[in-house]
Amino acid sequence: MGINIKRYILLLIAIMASTSSHAMDVKLSQVALTHVDTEINISNTDAFQLINVYIDTQKISGTTDEFGGLDLKLKFDHTGRKNLRIVGSDLDSKDYYLRVIPGWVSIAPPLLAIFIALILRNVIPALIAGIWLGATALISFTPMGIFQGLLDGFQVYVVKALSNEDHAAIILFSMMIGGMVGIITRNGGMNSIVMLLVSRAKTAIGGQVSVWLMGLMIFFDDYSNTLVVGNTARPLTDHLKISREKLAYIVDSTAAPVVCIALITTWIGYEVGLIDQALKGIPELTEPAYTVFLHSIPYSFYPILAIIFVFTVARTGKDMGPMYHAEVRARKGQVSPVNTMDMPAIQGDNLEAKAGVKMRAMNAFIPIIVLIFSLLVGLYATGEGDTMTDIIGSANSYTAMLWASLLGAMTAAIMTISQKILTTHETVDAWFGGVRAMLFAMIVLILAWALSDISMALNTADYLVSILADSLPAEMVPVTVFILSAITAFTTGTSWGTLGILMPLVVPLCWAVMQVNGVADAEHMHILYSAIACNLAGAVWGDHCSPISDTTVLSSMASGCDHIEHVRTQMPYALLVGMVAISIGTIPGAYGLPPIISIIVGAIILIAVLGYFGRRADQ
C-alpha cells in the first residue's frame, strides 16, 4: 500500500513538472512601430531551450538563459498585421498577431492634446481628444475601432490611472491638503500668518523672494513643495498684488529643480535605482550608482540655472513677455487671469475667514508645522539605510504624504473645534470647501496619467530614441539626451515616467557611443555623467513647458491660477533658461569645460537678458 502511494506521488510530481516546464509565458507589445525595435519577452520555460519565432515567412531564433527567460527584438519595415508563432518545443507553441503602425502615430496623441490645449485654452477636452486618438491607434483606425477607442480610453486607461495606488495617494494627499487649507483659512489662522508676513514683505519684490525662499526650504519632495508653498503663499501674494501666474511660476520652477539636485530627497532612491539597474548591463563600469549620481549633479545645468533665474526675476522685479502683462494687470488689482471664455479653472480662493473670529497665527502655523514635520518623520520611518541620504532616498514618499496630510488636517480641525472658533458642522464645511477647490485639478491629473499610459503602450519613447539617437559623436550624446528627455516629458507630461523610460536606454547608449568613438575611459567619464544629468534636467524642462504635466497642473492648482495661463506665461522663461543651459552648459561641458564656469557664465547671461529686455510692472 505504501509503495503504491509513493508511486502515485512520484507520477503526480512527474506530470506537474512536465506541464510546468512547458507553461511558456510571452509578453508582447500591443502594437509595433515601423523601423523601431519591438521586444518579445519569453519566460517560464526550460533553461537553455531553443526558441523559434516565425513571422509570416521569416524565422528568428534564440536560446533561453538559466532562468528560462529570453528577450528577442524584432524590427518591421512595413505596416500591417503580422502573424507570429512562437515555438518552444514540440509540445508548446503559441500564435499571436501584431499590428505594425507608422512610428509618427505614437507621438500624435500627446501632440494633439497639446495643440488643442493651446488653441482652446482648456486642458480637459484636449486630454480627452489625446486619449481617444491614442486608444484608437492601439485598436485600429476603422469606424468600429474609433468608437471602441472612445470607450476604452475611458473604461480602460482612465480607470487604470485612477486605480493606481500611487496615483490614489497623490489625489488623497492633494485633497487633504486642500481641506486643511480650507479650515485654516476659515478659522482666521491663514489671515493672521499673511499679516505677519506682510509686516516683513511689504513690497511685491519682497513677497516674491519670500516665496522663493519657502520653495528652497521644502527641498525634500516636489509634490509637497508645490502644494504647501502654493497654498500657503497665495494669500500673501494676493495682498501684495502679485499675479497668480507669477506665483505659479515661482512655485513650479523652484519645486522640481530643487528636489532633483538636493542630496536628501524622495527622488534619490528612484534615480539611483534606475542608474544602478542600467550600470549592471555594463561590466566595464564598477562605480557605485550613488557615486555616479553625485558626479552628475554639477552637470544638471537647467535645474541650477532655473533656480538662479527665478531668484533674479523675484529680486529685480522685472518681467518679460506674457508674464509682464500679467504683473501689470495684478498691480491694478486683478491678480487672477481674466478668462476670455467662461470655463472652470483651478482655483481655491473662494473661502474667507469667518466674520468676527479672532485671528491667531498658531491656528494655521501649527497645522502646517505638523504637516511638514510629519512628512519628514514619515519619510524616515518608511526608509531604510545607514545614512540619512539612504533612508530618505529609499522612503515611501506616498505613504509619508498620506500620513502627513491626514495629521495636518486633523490638527487644524481639532484646534478649530476645541477653541470654539467653528462648530463641527462649520469645520466640515470648511474642509469640504478646500477639497472641492482641488476637484478640477484632480480630473486633469487623472486624464494626464491616462494619456501617459497610452504613450507608453504606443512606445512613444522608443520612437523618439530611434529618430534622435543614431550616428552621434560622443560629445553630442548629452545634448541629444537632454532634447530627447524634454520632448518625451513634454509629450507624456511626466518627468518620473521619462526617467523610468529613458534611463535604461541612456546609459548603455552613451557608453556604446563612447566605445565606438574610442573615449570609453576615465578621462571622458564626464560625458556619461552629463548624459545621466541631462536625462533628469531635460525631463524637468519638458515638464515646465508641457500643459499636460502633473507637476504643472499641481502648481496651477495650489496657486489658484488658470492652468493654461500658467503654461503660457512660464514657457518663455523655461525656454530661455533651457537654451542657455544647452548652449553654455551641456555642449561645452561635454567637451570638458568645468561645470562651475558654465554655471557662472550662464547666470551672467540670464541676468543680462532680463536686465536688458525686462520691465518692472510698477513703473
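Bear in mind that the values here come from a model prediction, so they are computed numbers and not experimental data. Hydrogens, waters and symmetry mates play no part in the numbers below; they use all other heavy atoms, side chains included.
- Between Pro109 and Gly130, the shortest heavy-atom distance links the atoms CB-O, 3.4 Å.
- With hydrogens and angles ignored, the 3.5 Å screen pairs no side-chain donor or acceptor of Trp449 with any backbone N or O of Val158.
- Ion pairing between Glu327 and Arg615 fails under the 4.0 Å rule for side-chain N and carboxylate O.
- With salt bridges taken as basic N to acidic carboxylate O contacts below 4.0 Å, none links Asp429 and Arg186.
- Taking OG1 of Thr551 as the reference point, atom CG of Asp543 lies at 4.0 Å (rounded to 0.5 Å).
- Looking at Ile261 and Leu536, their side chains never come closer than 4.5 Å, going by heavy atoms from C-beta outward.
- With His167 contributing its side chain and Ala161 its backbone, the two residues share a donor-acceptor pair below 3.5 Å.
- Proximity of a side-chain donor or acceptor of Ser546 to a complementary backbone N or O of Gly542 within less than 3.5 Å is not detected.
- One distance of note links OG of Ser555 with CD1 of Ile250; it measures 11.5 Å at 0.5 Å rounding.
- In this structure, the separation between CD on Gln570 and OG on Ser556 is 8.5 Å, given to the nearest 0.5 Å.
- Without hydrogens or angle criteria, Arg329 side chain to Val335 main chain gives a donor-acceptor distance under 3.5 Å.
- Between Thr382 and Ile391, every side-chain heavy-atom pair lies at or beyond the 4.5 Å cut-off.
- Atom-to-atom distance recorded for Leu576:CG and Ile605:CD1 is 9.5 Å, nearest 0.5 angstrom.
- Note: Leu610 CG to Lys318 NZ = 7.0 Å, rounded to the nearest 0.5 Å.
- Residue pairs meeting the side chain to side chain donor-acceptor pair (under 3.5 Å) criterion with at least one member in residues 372-381: none, sequence neighbours excluded.
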Where do Asp238 and Arg244 land on the salt bridge (charged side-chain N to carboxylate O under 4.0 Å, His left out) test, with the steps shown first?
CA-CA 8 Å; Asp238 283 357; Arg244 294 289 179 81; 2.7 Å; yes
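- Across all non-hydrogen atoms, the minimal contact from Ala603 to Leu305 is N-CD2, 3.7 Å.
- Judged as a side chain to side chain donor-acceptor pair (under 3.5 Å), and not counting sequence neighbours, the contacts of Tyr302 are His544.
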Using the rule given for side chain to side chain donor-acceptor pair (under 3.5 Å), can you reason through Gln419 versus Arg360, listing the C-alpha separation, both sets of side-chain angles and the distance that settles it, and then say yes or no?
CA-CA 11 Å; Gln419 297 176 70; Arg360 294 190 179 100; 3.0 Å; yes
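- In terms of modelled atom types and a separation under 3.5 Å, the side chain of Arg234 and the main chain of Ala558 share a donor-acceptor contact.
- A 4.5 Å side-chain heavy-atom check between Trp431 and Thr427 finds every atom pair outside the cut-off.
- Counting heavy atoms of neighbouring residues, nucleotides and ligands inside a 6.0 Å radius, atom CE of Met320 exceeds 12 of them.
- Within the 4.5 Å cutoff, the side chain of Phe301 has heavy atoms near those of the Pro595 side chain.
- Using a cutoff of 4.0 Å between basic side-chain nitrogens and carboxylate oxygens, Lys246 and Asp319 are scored as salt-bridged.
- You'll find the ring centres of Trp541 and Phe482 inside the 6.0 Å limit.
- Looking at residues two or more places apart in sequence or on another chain, you find a side chain to side chain donor-acceptor pair (under 3.5 Å) between Thr552 and Ser549.
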